[in-house]
Amino acid sequence: MSRLRVLNPDADRLKEECGIFAVHAPGHDAARITFFGLFALQHRGQESCGIAVSDGERIRMHKDMGLVSQVFTEEILATLPGHMAIGHTRYSTTGASVKRNAQPVSCTTMTGDITVAHNGNLINAHELRKEMEAEGEIFDTTNDSEVIAKLLARETTHDLVEAIRNVMQKLRGAYSVAVLTPKHIAAFRDPNGVRPLVIGQIDGGWVVSSETCAFNPVSASFWGEVHPGCIAVVDEKSARIEQGVEPERPAMCMFEFIYFARPDSVMYGTRLYNARERMGEHLAREHPVDADIVVPVPDTGIPGALGYSRVSGIPFAEGLIKSRYIHRTFIQPDQRMREMGVRMKLTPLEENIRGKRLILVDDSIVRATTTKQIVRLLFECGAKEVHVRITAPPITHPCFYGIDMASRGELAAAKWSIESIREHIGATTLGYLSIPGAVDAVGRPKNEFCLACFNGDYPIAVPEDVRKDVFESPKTGAFATVTSGQARLEFEE
Ligand code: SF4
């Protein structure tokens with residue numbers, strides 16, 4: 001019998017900031033299409049979500065805390081008529097987890113309403129905001145996306161491309177942005193292309209998405225990437241792509257390939273599932289070990305474990321089962337459950353584990369707290385040996401481009417040697433994929449990736465004072481603490 005003890009494997013994971021989606025489809029219900037697009041992008045943000053639509057004259061919007069399926073009902077979608085829409089799923093890395101920070105963000109401008117949805121992190125948002133506040137601008141939210149919306153709102157030109165181009169010249173950092181006006185949708189991407197952004201075609205119209213996985217559910221087909229520094233604009237007459245700012249060195253986030261993006265998405269022309277299998281294959285070559293079975297930490301460790309198994313010849317076997325439904329509740333564990341150390345989401349298959357030498361494949365180690373719990377659980381279930389293999393290089397530096405990870409002092413690989421981490425998590429052996437192994441698995445040159453959290457080489461310079469809560473006042477911070485307690489879907493360590 002499997003034990004009742006369960007773990008939450010996501011409590012110690014890196015968290016993606018946001019997913020964005022946009023559609024321009026004459027004759028279609030854009031809010032409904034966006035709902036299903038956001039549903040496919042739910043993994044990119046689970047704190048809040050929103051949809052803004054236009055019927056060609058007026059923009060309407062609904063947003064709230066919660067998952068897409070919790071925030072939108074048939075009744076709410078019926079209040080959002082129109083053939084153009086943008087949508088957003090959010091996990092906060094800048095700004096508190098409160099309803100007013102949910103996106104899209106809306107502004108009234110001299111030339112009409114404008115609504116913005118943003119994935120990424122501006123490293124000069126604080127600076128821009130201070131300048132604008134000094135000029136009398138009042139901000140309603142504490143997120144950096146409002147800075148983009150307000151900058152667009154200040155533009156006096158009626159040419160949307162020109163307005164976006166002017167704004168892009170002021171922004172520094174990672175941004176993939178969708179924009180809705182009463183008559184257009186537009187999308188633009190930072191000159192390094194840190195966060196993904198793709199375009200698809202849909203029955204007489206166009207869609208834009210963070211990932212291609214949102215295309216299949218809405219019957220859209222992949223058309224191409226929005227290249228770094230580019231602006232895509234769609235109106236009643238045409239769809240076109242223009243250069244917004246000069247592209248710089250490409251720096252797509254390597255963690256999109258390793259873990260964040262859905263495995264069925266395609267990035268840089270590579271199906272991520274296959275790239276992750278190849279990461280497992282490289283890992284088997286770099287860190288071979290004699291064992292009985294290869295066990296993934298579900299779900300993201302599965303393709304890597306299959307790759308490891310294929311190259312090593314050691315059979316793949318499930319040893320941990322993940323609950324599929326935990327993300328669908330806002331109910332928090334009570335204090336007694338916390339004190340008992342009970343975690344949700346992972347249950348061990350004791351029959352597959354007992355007496356075996358295991359190779360445990362996972363995609364990353366951040367603080368090492370969860371890996372330690374999983375290793376302990378496997379030994380408690382009778383594993384003879386647990387060899388941990390990670391399909392990412394050691395994370396030694398924090399991210400400033402839209403991924404919520406621990407501060408440098410909390411990152412296991414920043415403060416400990418590999419041997420110390422092995423000892424800390426109680427594994428028999430520990431091996432990480434090398435940077436060349438990760439790059440080779442995706443199949444593009446090393447200089448086309450951001451690898452900063454692995455090697456400290458930041459493609460966009462980061463000022464010293466940049467940090468997550470740069471906009472937080474004591475008042476909003478206190479409010480955020482209370483509200484995020486209800487909204488946070490993981491159980492904290
Ligand atoms: S620092 Fe790491 S997580 Fe952040 S964008 Fe670069 S590769 Fe991605």
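Owing to the predicted nature of the structure, the values given are computational and were not obtained by experimental measurement. Ligands are counted one by one from 1 in listed order, and the atoms in each one are counted from 1 as well.
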| message | Quick test of your reading of the structure: of C453, A392, G402, whose heavy atom lies closest to atom 2 (Fe) of ligand 1? | response |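 The residue whose heavy atom sits nearest atom 2 (Fe) of ligand 1 is C453.
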
For [X], counting its heavy atoms only, list the atoms of ligand 1 lying under 4.0 Å from any of them.
| X | value |
| --- | --- |
| C253 | 3 (S), 5 (S), 7 (S), 8 (Fe) |
| A452 | 1 (S) |
| M254 | 7 (S) |

| said: Heavy-atom pairs closer than 4.0 Å: do any link ligand 1 to the side chain of R195, the backbone, both, or neither? | reply: side chain

| query | Hey, is there an N, O or S on C450 sitting under 2.8 Å from atom 6 (Fe) of ligand 1? | reply | yes

| request: Could you walk me through whether E225 and R189 pass the side-chain contact (heavy atoms from CB on, under 4.5 Å) test, one step at a time? | output: CA-CA 10 Å; E225 279 190 31; R189 191 173 176 204; 3.2 Å; yes

| request: Report yes or no: does Q201 contribute a side-chain atom to a donor-acceptor pair with the main-chain N or O of A220 at less than 3.5 Å? | output: no

| Any donor and acceptor pair, going by atom type alone, linking the side chain of N119 with main-chain N or O of I20 inside 3.5 Å? | no

| query | In a check of salt bridge (charged side-chain N to carboxylate O under 4.0 Å, His left out) between E211 and each of R44, R271, R262, which one passes? | reply |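 Of the listed options, the one satisfying the test is R44.
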
| said: Check for me whether R129 meets the cation-pi criterion with F139, that is, NZ or CZ under 6.0 Å from the six-membered ring centre and within 45 degrees of the ring axis. | reply: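 Relative to the ring axis of F139, which defines the angle, R129 lies inside both limits.
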
